[in-house]
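Take a look at the structure set out below.
Because only heavy atoms are used, hydrogens play no part in the values below, and waters and symmetry mates are left out as well, while side chains stay in. A, B, ... follow the sequence lines: proteins, then strands. Residue 1 opens every chain.
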Amino acid sequence: MLARTAQELKQGEDVVLEGVLTRWEGKLTLDQAVVSEGDAFDVSEVKEKYDMNPEDVEVSVAGRVITLRPMGKALFAHLQDATGRLQIYLRQDIMGESSFKDFEETIDPGDLLGVKGRLFRTNTGELTVEVKEWVLLAKSLHPLPEKWHGLKDVEVRYRQRYLDLIANEHARRVFFLRSRLISEIRRFLDSRGFLEVETPILQPIASGANAKPFITYHNYLEQNLYLRIAPELYLKRLIVGGINRVYELGKNFRNEGVDTTHNPEFTMLEFYCAYWDYKDLMVFTEELFSYLLNQLVGGLKITYQGKELDFTPPFKRYRYFELLEEKTGKDKDFFLKDVEGLRRLAKEVGVPKAETLTHAKLIDKVFDLLVEDELWGPCFVIDFPKLLSPLAKTHREDPDLVERFELFVAGKEIANAYTELNDPMEQRERFLEQLKEKEMGDEEAMSMDEDFIKALEYGMPPTAGEGIGIDRLVMLLADVDSIREVILFPALRQKI
RNA sequence: GAGCCGGUAGCUCAGUCAGGUAGAGCAACGGACUUUUAAUCCGUGGGUCGAGGGUUCAAAUCCCUCCCGGCUCACCA
């Protein structure tokens with residue numbers, strides 16, 4: 001059922017449109033309602049500017065009517081916009097009988113309203129606009145979600161996010177935080193001399209990560225294109241091209257499951273710095289997080305899901321195989337050489353489908369299952385097996401390992417970084433190993449990219465690079481447990 | 001893909017176990033009220049109980065199928 005206003009519109013649009021809009025013709029237009037005396041005010045501006053001394057200040061302000069309290073010949077209401085709420089007060093003897101009566105008859109909760117009037121403070125001390133003139137700026141044909149309980153149905157909150165944003169302040173807070181986080185990341189990287197770039201989202205080969213891509217077809221080029229699963233190989237081409245500090249902030253697309261930590265399109269930050277190695281990046285990461293935490297929450301400690309997280313540097317460092325040995329009693333050689341022994345171990349600890357997994361997957365799954373969830377952190381896991389890292393440089397002290405770290409916070413992988421492999425011959429071999437994995441049934445094994453290898457053949461300086469999952473970072477800072485709470489329009493099945 | 005939970009008025013929720021005329025608050029509508037703020041007071045209307053099928057004299061309630069969502073698992077490092 002629609003509101004009374006919708007019924008009115010159905011019965012006779014003329015009544016509402018002429019009755020309301022034309023009445024104000026020549027008196028107060030939308031522009032005048034929002035811009036007056038040289039100032040454009042949103043709700044928070046009015047409050048900030050005049051909260052201390054509201055005497056006799058004339059303001060114009062617009063917002064959505066969120067509550068309405070008629071009291072005979074006077075009326076209180078609250079206007080809301082994304083910045084806050086402001087009370088308005090209407091009196092028949094101030095604005096005139098017909099204007100007051102019109103207001104009562106036409107304005108409902110949910111409508112967008114512009115008002116002009118004098119600021120004052122009520123008996124209870126609330127800053128309030130005493131309205132002289134008003135204008136209906138837009139009608140809401142649907143009633144708003146209930147003012148006290150708000151909107152709770154998560155399906156409606158995701159499908160009609162605008163209602164969530166109107167009704168739930170915590171939703172507004174999360175998305176404002178997300179926006180500020182992204183601004184601060186840019187500010188930090190820009191100040192350190194990084195250049196922001198945009199690389200192709202439609203790529204002839206989807207490589208640079210282990211994931212299944214979305215496929216599309218370009219009619220003019222007459223070829224398949226893939227939505228990128230990572231920008232990595234293009235950003236490293238730019239390092240070859242001499243852009244020594246480079247970053248990209250944008251969407252990646254992976255054609256995989258949807259759950260509380262995965263959305264098919266998600267936001268990644270990747271940045272690369274020539275002449276750095278992964279140790280430099282760990283320090284840089286600590287600096288980045290210190291900066292972000294200080295800017296956004298004003299300190300280095302936050303609470304996530306009831307537990308404290310302390311981002312005071314330095315973060316702890318744990319070696320990959322030391323963590324595994326702690327849990328299993330088995331050393332690196334066991335994991336790298338005794339594949340069948342590892343398979344038995346994997347089955348014992350409950351890795352599903354252990355009998356069909358490749359060597360690399362077995363290591364990875366055992367680590368996931370036994371270690372990952374306990375890494376409350378923040379901490380760096382360093383020195384990963386080469387098998388799992390086809391784009392990372394071989395460790396300077398151990399040919400079985402690569403110079404790679406992942407940053408874990410609250411049991412989640414937040415960042416992944418390594419000293420980049422810049423030897424084109426070795427890169428080709430690593431890709432070939434990935435192709436073997438693919439043949440052995442690992443659908444997510446990385447694709448060969450000859451064009452990228454060609455770029456490496458021109459010489460890529462020693463470089464370190466890092467990727468940070470922005471959605472998961474927002475989840476941490478906002479203290480929410482589902483990625484859908486930090487993505488404005490998360491992927492849902494279409495509803496007919 | 002599997003298991004569990006959920007879908008009842010515009011919103012927030014009862015009612016389902018144990019079948020018997022579909023409820024409350026807010027919102028809406030009519031009335032009273034010139035400093036209220038979840039305004040208050042009096043009155044009124046409002047339902048494809050997610051969809052379809054079955055059992056029954058009778059289904060929101062029991063059974064089956066399907067749709068949508070949530071959580072867990074699998075998958076996704």
Any idea which of [options] is nearest the [X] side chain?
| X | options | value |
| --- | --- | --- |
| A:Arg69 | B:U34, B:A39, B:U12 | B:A39 |
| A:Ala74 | B:C75, B:U34, B:C71 | B:U34 |
| A:Asn123 | B:C71, B:U34, B:U35 | B:U35 |
| A:Lys147 | B:A74, B:A39, B:A28 | B:A39 |
| A:Glu126 | B:C75, B:U36, B:U34 | B:U36 |
| A:Leu151 | B:U36, B:C68, B:U12 | B:U12 |
| A:Tyr89 | B:C11, B:C13, B:U34 | B:U34 |
| A:Pro143 | B:A27, B:C71, B:A39 | B:A27 |
| A:Asp153 | B:U12, B:A28, B:A39 | B:U12 |
| A:Glu146 | B:U34, B:C68, B:G25 | B:G25 |

Separation between the [atom1] atoms of [N] and [M], rounded to whole Å:
| N | M | atom1 | result |
| --- | --- | --- | --- |
| B:U44 | B:A27 | C1' | 14 Å |
| B:U8 | B:U12 | P | 8 Å |
| B:G53 | B:G43 | C1' | 43 Å |
| B:G10 | B:C67 | P | 25 Å |
| B:U21 | B:C49 | C1' | 15 Å |
| B:G15 | B:G23 | P | 15 Å |
| B:A22 | B:C26 | P | 23 Å |
| B:G52 | B:A59 | P | 14 Å |

Nearest-Å distance for atom pair CG/P, residues A:Leu144 and B:U12 =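 My rounded result for the distance is 13 Å.
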request  = To the nearest Å, give me how far apart NE2 (A:His149) and P (B:C26) are.
outcome  =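 Value for this atom pair: 11 Å.
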ask   = Knowing that exactly one of A:Lys393, A:Arg404, A:His395 qualifies, which makes a side chain to side chain donor-acceptor pair (under 3.5 Å) with A:Tyr278?
value =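 Single pass found, and it is A:His395.
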If we call it a pair only when both distances are under 3.5 Å in a Watson-Crick or G-U wobble match, what pairs with [N]?
| N | answer |
| --- | --- |
| B:C66 | B:G50 |
| B:G10 | B:C26 |
| B:U72 | B:A2 |
| B:A39 | none |

ask   = Just to confirm, is there a sub-4.0 Å distance from OP1 or OP2 of B:U72 to any side-chain nitrogen or oxygen of A:Thr260?
value = yes
ask   = Do A:Phe289 and A:Thr285 come close enough that some side-chain heavy atom pair is under 4.5 Å?
value =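 A side-chain contact under 4.5 Å exists here.
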